[in-house]
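All values reported here derive from a predicted model rather than from experimental measurement.
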Amino acid sequence: MATIVTIGEALVEMMRTRRDVPLGEPGEWAGPFPSGAPAIAASAAARLGASVAFIGTVGADAFGDCLIRRLMADGIDCSGLRRLEGYLTGIAFVAYRSDGSRQFIFHLPHSAAAQVEAAQIPPHILEGARYAHIMGSSLSVSEAMREACYALAREVHARGGVVSLDPNLRPELLSVERIREVCQPILDIATIVFPSGEELATLSGEREPEAGAQALLRRGVRIVALKKGERGSTLFTQEGTIDVPPYRVTEVDPTGAGDCFDAAFLVGLAEGWSLERAGRFANAVGALATTRLGPMEGTFRREEVLAFMAEQGRPFE
Ligand code: ATP
Ligand code: MG
C-alpha cells in the first residue's frame with residue numbers, strides 16, 4: 001500500500017550545459033533528465049524509504065521509457081502511470097543565468113503529461129494513501145490534470161488522509177492570478193502548505209511571511225513550511241513558529257530542492273517524527289538535492305542523508 005501519493009506532470013528536462021546561453025540560441029544541451037515536480041517528490045520520498053505511488057502520463061517514446069525506468073527503479077507504485085500513444089512525453093528546456101535565475105520552455109499542455117485524468121487513479125491507491133501531495137504546477141498544466149488532482153485530494157481527505165500543497169508557481173504555465181484561483185480548492189482541505197517566500201505572498205496576499213503564514217493558518221492549514229533556499233526553512237503552526245537552520249552545501253543545481261524538501265518532510269510526518277525533526281531532515285534533503293546537476297539526480301537514500309547530517313556536526317537524533 002502506498003503511503004504517499006503524488007500526481008501530475010512527469011517530463012524530461014533538457015538543460016544548457018553552460019550558464020547565460022539563452023534558450024533561443026544554438027548551443028549545447030545535457031539530458032534527458034527525468035523531471036516534473038510531483039515525479040521528483042515521488043522519487044525523493046521513495047528513496048528515503050517511504051512507500052510511494054505516482055500517477056501520471058508519458059508518451060510511447062524514448063523519453064517516456066526514461067521516466068518509467070527511473071520511477072520503477074526507485075520502487076514507486078507505477079500502476080497509475082499511463083503510457084499513451086499519439087502524444088509526446090512532456091519536455092522542459094531550461095537555461096541558467098549567472099544570477100541564479102532560470103528561463104524555461106515547456107512542452108507540456110499538448111504533451112502526454114497533460115493527459116492525466118481522474119479515471120486513471122487506481123482504487124487501491126486511494127484506499128492506501130495517507131498523504132496526497134499536490135503541486136500548483138500540476139494544477140496549471142491542463143483542465144484534465146487539475147480535475148485529477150482535485151479528485152485525488154478530495155478522496156484522500158474524505159478517507160481521513162492528509163492533503164499537502166506546494167504552490168510551485170510557474171508563471172510560464174498559467175498567470176499568477178489564475179494559479180492562485182486554482183489552488184483554492186486544495187487550500188480548503190490542505191493540512192500542510194510548502195511555499196517559498198514569493199509563493200506565500202502570492203497565495204496569501206500578504207507581503208510579510210509571518211502575516212502570510214498566519215493568514216493560511218486562519219483558514220485552516222495546520223502547518224506552513226516556508227522554504228528559504230540557503231537560509232533553511234521556517235515552520236509556522238498555531239502552536240508557534242520553529243526556525244530550522246540550513247545545512248551547508250556547494251550548490252550545483254537548485255532545481256528540485258523544494259520538491260525533495262516536501263517529500264522528506266512528509267516522510268518524517270509519516271514516521272511520526274516531531275515537526276522540528278522532520279524540518280531538519282527536510283532541510284538536509286533539500287540541501288543535498290542542490291549538489292547534483294539534474295532535477296532528479298539529487299535524490300538520496302536515507303542512510304546517505306543521515307551520514308551527511310552527521311558529517312555537518314548536526315546528527316539526526
Ligand atoms: P524549487 O521550487 O525551485 O525547487 P523552492 O523555492 O520550492 O525551490 P528552496 O527553498 O530552493 O525551494 O529549497 C528547499 C529547501 O532546500 C530549503 O528550504 C533548504 O532547506 C534547502 N536548500 C535549498 N537550497 C539550499 C542551499 N543552497 N543551501 C542549503 N540548503 C538549501
Ligand atoms: Mg518550489
Side-chain angles (χ1 to χ4, degrees), residues 37-38 41 99-102 131-140 146 149-150 153 157 162-247 254-266 268-269 273-287 289-290:
D99 65 7
S101 64
R102 290 170 285 185
Y131 294 84
H133 185 48
I134 308 295
M135 297 281 187
S137 51
S138 313
L139 302 173
S140 310
R146 179 153 60 241
C149 291
Y150 290 163
H157 178 70
V162 168
V163 172
S164 53
L165 172 70
D166 181 335
N168 216 10
L169 298 181
R170 293 290 177 263
E172 297 86 352
L173 293 174
L174 211 62
S175 74
V176 169
E177 292 70 31
R178 187 78 185 107
I179 298 175
R180 184 162 41 195
E181 269 171 40
V182 299
C183 283
Q184 296 309 314
I186 302 294
L187 267 181
D188 286 342
I189 54 174
T191 298
I192 313 168
V193 181
F194 292 107
S196 65
E198 200 181 316
E199 291 165 348
L200 180 54
T202 301
L203 269 193
S204 64
E206 297 281 353
R207 273 239 290 276
E208 291 304 316
E210 174 70 38
Q214 294 307 329
L216 294 188
L217 295 177
R218 272 197 303 277
R219 62 172 291 182
V221 173
R222 300 277 298 281
I223 305 166
V224 178
L226 175 65
K227 294 176 281 185
K228 305 189 296 186
E230 62 183 7
R231 292 182 298 118
S233 58
T234 304
L235 310 176
F236 297 90
T237 68
Q238 293 200 329
E239 289 70 46
T241 300
I242 308 171
D243 261 313
V244 192
Y247 285 82
T255 308
D259 313 322
C260 291
F261 177 99
D262 302 350
F265 195 82
L266 294 179
L269 294 188
W273 300 345
S274 70
L275 291 189
E276 199 267 340
R277 200 179 195 212
R280 270 191 288 137
F281 184 66
N283 273 8
V285 168
T290 70

Could you measure the distance from the CG atom of L275 to the CG atom of L235? Nearest 0.5 Å is fine. 6.0 Å
Nearest heavy atoms of R180 and L203, plus distance in Å: CD-O, 3.9 Å
Around atom CZ of R231, are there more than 12 heavy atoms of other residues, nucleotides or ligands at under 6.0 Å? no
Polar contact flag, side-chain donor to acceptor under 3.5 angstrom, S140-R170: no
Take atom CZ of R277 as the centre, draw a 6.0 Å sphere, and report whether it contains more than 12 heavy atoms from other residues, nucleotides or ligands. yes
Separation between OG (S137) and CG (D259), nearest 0.5 Å, reads 7.5 Å
Atom pair NZ (K228) and CG (N283), whose distance is rounded to the nearest 0.5 Å: 9.0 Å
Test item: L165 and V221 side chains (from C-beta on) under 4.5 Å apart, heavy atoms: no
How long is the straight-line distance from CD of E210 back to CG of L200, given to the nearest 0.5 Å? 10.0 Å
So, do L139 and C183 sit near enough that their side-chain heavy atoms are less than 4.5 Å apart? yes
Given F265, which partner from the list F194, F281, W273 fulfils the ring-ring contact (aromatic ring centres under 6.0 Å, His included) test? F194
Out of the candidates I192, T191, V162, only one should pair with L269 under the side-chain contact (heavy atoms from CB on, under 4.5 Å) rule; please name it. I192
Kindly give the heavy-atom pair with the smallest separation between L226 and P209, and that separation in Å. CD2-CB, 3.8 Å
Would a 4.5 Å heavy-atom cut-off, applied to side chains only, mark R219 and Q184 as touching? yes
Charged N-O contact under 4.0 Å between E181 and R178: yes
Hey, what do you get for CG (N168) to CD1 (I134), rounding to the nearest 0.5 Å? 12.0 Å
Considering non-hydrogen atoms only, spot the tightest contact between G212 and S204 and give its length. CA-OG, 3.3 Å
Looking only at non-hydrogen atoms, find the nearest pair between L217 and Q238 and report the distance. O-NE2, 3.5 Å
Is the number of heavy atoms from other residues, nucleotides or ligands within 6.0 Å of CD (E208) greater than 12? no
Nearest heavy-atom contact between G258 and K227 is O-NZ, 3.4 Å
Could you check whether any side-chain heavy atom of Y150 comes within less than 4.5 Å of a side-chain heavy atom of V182, counting everything from C-beta outward? yes
Could you pull out the closest heavy-atom pair between V224 and A213, with the gap in Å? CG2-O, 4.0 Å
Rounded distance (nearest 0.5 Å) linking atom CG of L169 with atom CD of E199: 4.5 Å
With a 4.5 Å limit on heavy-atom distance, are the side chains of H133 and S164 in contact? yes
